[in-house]
Amino acid sequence: MKEQKPKKRQQKNPTHNEEKPSVQSFQTEKPTKYFPQEEIGKPQQTSRDNTRVSVRGTKAKSCAGRSKSLEQFAEETVKTQPEIPKDKTKASPKTKTAKPHSGKAKLLEQMVEELKITEAETIIEAKICAGTMKSPEEIRKKQQKSFESITKACEPQLQGGTDSILYTTLDKLRIRRNERSDASKVINDIIKSIVEHLKKNTVSFQEVQEPLRTGSYYENLKISSPDEFDVMLPMPVARVDIQPFRDDGAFYSVALKRSKSPLSKFKDEAGILSASKMLKEFREEVTKCVKPFKEWVLTRKKKGCPAVTLTTEVNSVTISLDVVLCIVVQSSWPPFTKDGLRIEGWLGTKVRQKYKYLPYYLVPKYEGRGTMECDGVLAKDIWRVSFSHVEKDILKNHGSEKTCCEEGGVRCCRKDCLKLLKHLLSLLKERESFDKFCSYHAKTTLLHACCSRTKDTDWHTSNLGHCFQIFLKEFEGYLQKGVLHNFFIPTQNLLSGISDESCKSLAQCIRNERYNGFPIFK
DNA sequence: CCAGGCTAAACAAG
DNA sequence: CTTGTTTAGCCTGG
């Protein structure tokens, strides 16, 4: 009933972050290069509809206008964007079912075979097949058949077999609107109260900035239920001296160059800002603030963890809110980020540059025992970098073409792949103790994957089954090697704190699922 | 600071 | 499947 019908867009914006991982330091090995290259590389290129979309080097992509100076980037890119031919949605009435034609379909089938052959020797395969030699095949065929009869798909193998279970699963993971609505009200209220309290009733934290809503809920990647929320509360600091703590480039000590910041009281004699002292007082303030809200419960402090976790119940479901203290650093990113964020081929150099101009964040997170000392600084007073704001923006503006996933653009399955992996991971964690693995590992894998298959058509939604297979293979590859580089800080190996056995075991489980049509989803 | 506009995603209906 | 509506989140402009 309104006349609110937009038209085009050009503004996209970035912001904020998230937090998560936890890992140990230590060097890695060599740049990880994975098999996907050969397998995926070619078929994709031959894919027909690419010619259309990738017409030119129109990789400008959107560009989220961020702070003022960034808007310019946005406009610029918009201008340089040649205005792509229009998209298919119109052209082919039967859209997806008819999509994968000749060449592509064949290649895909080949690939499937390849997958099977090249890895068929592995133990699991043998094990699994021992009792059910043909069952996977049979199931696939059966499903394929029914699928064909219904849609008369041109590309049976992958589409028919695994896709239906994947779509069904995605459907189950969808968050209900009512649940979301109820939970978000409750969450927003408490966040508001906390921020107000910090501003009005505290000295140390009165300069707190707008909360950064980060993490999967705010990235539209939350699955199953809106029961986990992450918010970072940024404290500005005037001028700081950041020094690496240990050698992986993810942890730093922060020295306040004398100033009359409200945070000065957390300095030691050397001017080092003590993460532990600051977090302690922050926690106390949050505790004070939520006291009157009887329905909220504060969970116990976890060692090394930057979050103050609050829980409550909404419709008899427990939901939690992680409130994370952080400091905003305006200066340029640490040198360790130099070789990270290699998104040039995917999102473009301008976008990369734009991100690099943003501030970065530090959260009071450490690993191991807090009493460990390095250059006179205790581990518990160490900060870890966070680029959650960039992660969030990338996930939102994840297409090579600016119209990816927008109306009139190509619909991609990047996020769907990530949701499915997260789900798979959590199911496997229920079954076995894979405690050390977290969704940040999945997210990082997706970011890397997007950098090696950069075109939106590489992730076309009609290719979900295939994309997910490759995506999982990559993840398995990282696990096998025990090396997964932090997307922003390549020197940090996100798997360094996890045993080889554990990694390999998880890889096996995933492979097992992949080969068998994801029985765990059923 | 707020109101209003916009988007993505859920959802409803045909 | 397509189309239209609703909503939380986020942005902008006044």
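Chain identifiers are assigned alphabetically (A, B, ...) following the order of the sequence lines, protein sequences preceding nucleic acid strands; residue numbering begins at 1 within each chain. Scope of the values below: all heavy atoms of this structure, side chains included, with no hydrogens, waters or symmetry mates.
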Which part of the nucleic acid does A/Lys222 contact within heavy-atom distance under 4.0 Å: base, sugar-phosphate only, or nothing?
-> nothing
In whole Å, what is the span from the [atom1] atom of [X] to the [atom2] atom of [N]?
| X | N | atom1 | atom2 | value |
| --- | --- | --- | --- | --- |
| A/Tyr217 | B/dA8 | OH | P | 16 Å |
| A/Asp393 | B/dA8 | CG | P | 12 Å |
| A/Asn397 | B/dC6 | CG | C1' | 14 Å |
| A/Glu219 | B/dT7 | CD | C1' | 16 Å |
| A/Lys402 | B/dC6 | NZ | P | 15 Å |
| A/Leu395 | C/dG9 | CG | P | 17 Å |
| A/Asn220 | C/dG9 | CG | P | 10 Å |
| A/Phe229 | C/dA8 | CZ | C1' | 10 Å |

Qualifying residues under ring-ring contact (aromatic ring centres under 6.0 Å, His included), relative to A/Phe468, sequence neighbours excluded = A/Phe518
Think A/Lys392 has a side-chain N or O under 4.0 angstrom from the OP1 or OP2 of C/dC10?
-> yes
Using heavy atoms and a sub-4.0 Å distance, could you list which residues of residues 170-179 of chain A are near DNA chain B? By number, please.
-> A/Arg174, A/Ile175, A/Arg176, A/Arg177
Proximity to DNA chain B (any heavy atom under 4.0 Å), residues of residues 180-201 of chain A only | none
If the condition is salt bridge (charged side-chain N to carboxylate O under 4.0 Å, His left out), which residues does [X] pass it with, not counting sequence neighbours?
| X | answer |
| --- | --- |
| A/Glu284 | A/Lys280 |
| A/Arg352 | A/Glu344 |
| A/Lys192 | none |

Suppose we screen for side chain to side chain donor-acceptor pair (under 3.5 Å). Which residues come up paired with [X], at least two apart in sequence or across chains?
| X | answer |
| --- | --- |
| A/Thr318 | none |
| A/Glu281 | A/Ser204, A/Lys265 |
| A/Asn220 | none |

Does any pair with a residue in residues 173-182 of chain A pass side-chain hydrogen bond (donor to acceptor under 3.5 Å, both in side chains), and if so which ones, sequence neighbours excluded?
-> A/Asp171-A/Arg174, A/Ser181-A/Lys185, A/Asp182-A/Asn315
Heavy-atom neighbours of A/Arg342 CZ exceed 12 at 6.0 Å | yes
Could you pull out all donor-acceptor pairs under 3.5 Å where a side-chain atom in residues 321-332 of chain A meets a protein atom, sequence neighbours excluded?
{"unit_1": "A/Asp322", "atom_1": "OD1", "unit_2": "A/Thr309", "atom_2": "OG1", "d": "2.8"}

Net bend of the helix from B/dC1-C/dG14 to B/dG14-C/dC1, end axes of five pairs each, nearest 10 degrees | 10°
For the residue pair A/Phe229 and A/Tyr217, does the interplanar ring angle fall in the parallel (under 30°), tilted (30 to 60°) or perpendicular (over 60°) class?
-> tilted
